[in-house]
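Shown next, in structure tokens, is the structure this report addresses.
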Amino acid sequence: MKTQPFPLHRLTRRAALLATAAALAGCGSFGKQAPAGGDIHVMTSGGFTAAYNDLRPGFERSSGYTVKTAYGASMGNAEDSIPSRLSRNEPADVVILARPALDALVAQGKVVPGSQVDLVRSAIGFAVRKGAPKPDISTVDALKRTLVAAPSIAYSASASGTYYETELLKTLGIEDQVKPKSKRILSERVGTVVARGDAALGLQQVSELLPIEGIDYIGPLPAEVQRNTVFSAGVAAGSKQPEGARQLIRYLNSPAAAPAIAKTGLEPLTAR
């Protein structure tokens with residue numbers, strides 16, 4: 001749980017996408033099969049969104065399915081969170097979210113037992129508004145000083161934010177000083193809040209910060225207090241396309257998908 005985050009892939013965005021598309025198109029399990037057709041409904045949380053958005057078009061081309069997507073947090077009771085969507089019986093074939101939350105959905109009968117597949121490992125990082133001074137978070141002591149000095153801090157309502165508000169601040173011994181000026185963000189990216197100037201410092205999964213315009217990524221939490229989250233996929237219990245759902249999960253977990261995943265700041269947990 002305290003490993004260093006996976007380094008960002010050095011391929012350019014265009015080169016990575018072209019290489020990934022070509023490799024995936026050549027995978028025997030995808031590119032050579034007859035198109036299946038129909039819709040696959042996916043619910044995905046923010047940590048995997050950037051990678052998923054890059055990979056989805058290739059799956060549609062190679063499989064014949066059309067993928068329809070709903071986005072939401074892994075946990076919490078926000079109207080658009082994945083648990084809330086499932087409780088309203090919104091259509092779902094595949095759900096992609098933090099592994100503890102996925103396992104909870106299995107226990108609730110919302111996801112098929114044994115269908116869980118770990119896709120990526122994600123680290124937590126910080127960002128500031130573009131052009132703002134970048135505070136030091138390179139060590140635990142520096143992180144403490146930065147959090148105490150920050151006038152306002154935004155954090156997510158999902159896995160990284162839960163860790164921040166329930167464990168990290170206590171571990172650092174600064175909960176009483178920092179929590180009152182921290183704001184839990186619902187149904188919006190933390191980076192977007194920081195880019196608007198509504199918070200001086202933002203904490204979220206690295207893969208959720210990197211795509212946001214108007215912010216500067218500072219870096220990850222120090223290794224001693226880092227909390228890596230595994231994001232996993234499962235087949236929804238009410239799926240009307242269970243085979244298509246499994247096919248999509250295999251696609252996202254394939255070795256050929258790894259470059260596109262890595263460039264978004266995630267560590268691929270590729271099937272061997």
May I have the list of side-chain donor-acceptor pairs in residues 40-48 shorter than 3.5 Å, sequence neighbours left out?
residue : atom : partner : partner atom : Å
S45     : OG   : S74     : OG           : 3.2
S45     : OG   : I96     : O            : 3.3

Quick note, salt bridge (charged side-chain N to carboxylate O under 4.0 Å, His left out) partners involving residues 38-52, not counting sequence neighbours, are D39-K68

Residue pairs meeting salt bridge (charged side-chain N to carboxylate O under 4.0 Å, His left out), one or both in residues 157-166, sequence neighbours left out, come to E165-R184

Please set out all donor-acceptor pairs under 3.5 angstrom arising from side-chain atoms of residues 197-206, sequence neighbours excluded.
residue : atom : partner : partner atom : Å
D198    : OD2  : R196    : NE           : 2.8
D198    : OD2  : R196    : NH2          : 3.1
Q204    : OE1  : V190    : N            : 3.1
Q204    : NE2  : E208    : OE1          : 3.1
Q205    : OE1  : S122    : OG           : 2.6

Rounded to the nearest 0.5 Å, how far apart are [atom1] of [X] and [atom2] of [Y]?
X    : Y    : atom1 : atom2 : value
L105 : S87  : CG    : OG    : 10.0 Å
N253 : L269 : CG    : CG    : 8.0 Å
L168 : L143 : CG    : CG    : 6.0 Å
S160 : L221 : OG    : CG    : 9.0 Å
D141 : E224 : CG    : CD    : 9.5 Å
R121 : T229 : CZ    : OG1   : 10.5 Å

Side chains of residues 126-134: which donor-acceptor partners sit under 3.5 Å, not counting sequence neighbours?
residue : atom : partner : partner atom : Å
R129    : NE   : A195    : O            : 3.0

Here the side-chain hydrogen bond (donor to acceptor under 3.5 Å, both in side chains) pairs for residues 93-104, sequence neighbours left out, are D93-S239, R99-D103, R99-D118, D103-Q116

With sequence neighbours excluded, tell me which residues meet side chain to side chain donor-acceptor pair (under 3.5 Å) with [X].
X    : result
E175 : K170
R189 : none
S187 : D80
S81  : S84

With clusters defined by side-chain heavy atoms of hydrophobic residues (ILVMFWY) lying less than 4.5 Å apart, directly or transitively, does [Y] cluster with [X]?
X    : Y    : value
I82  : V112 : no
L102 : Y71  : no
V117 : V106 : no
L252 : L97  : no
V235 : V94  : yes

Sorted by chain and residue number, the side chain to side chain contact (heavy atoms under 4.5 Å, CB included) partners of S182 (sequence neighbours excluded) come out as I153, Y155, Y164, V178

Would you say the side-chain atoms of [X] pair up with the backbone N or O of [Y], donor to acceptor, closer than 3.5 Å?
X    : Y    : answer
T146 : D136 : yes
K181 : L147 : yes
Q226 : I124 : yes

Taking all non-hydrogen atoms of both residues, which atom of [X] and which atom of [Y] are closest, and how far apart?
X    : Y    : answer
A92  : L86  : CB-CD2, 3.9 Å
Q177 : G173 : OE1-O, 4.2 Å
T162 : A157 : OG1-O, 4.4 Å
I249 : A233 : CG1-CB, 3.8 Å
I215 : G191 : CG2-O, 3.2 Å
F59  : G244 : CZ-O, 4.1 Å

| said: Less than 4.0 angstrom from a charged side-chain N to a carboxylate O is my criterion; do R250 and E243 meet it? | reply: yes

Residues joined to L186 in its hydrophobic cluster, side chain to side chain under 4.5 Å directly or through other members, sorted by chain and number, are none

(Q) Checking T69 against R56 for the side chain to side chain contact (heavy atoms under 4.5 Å, CB included) test, could you report, in this order, the C-alpha distance in whole Å, the side-chain angles of both residues, the deciding distance, and whether it holds? (A) CA-CA 10 Å; T69 311; R56 184 188 66 244; 3.9 Å; yes

* **Contact check, side chains of V140 and P222, non-hydrogen atoms, under 4.5 Å** => yes

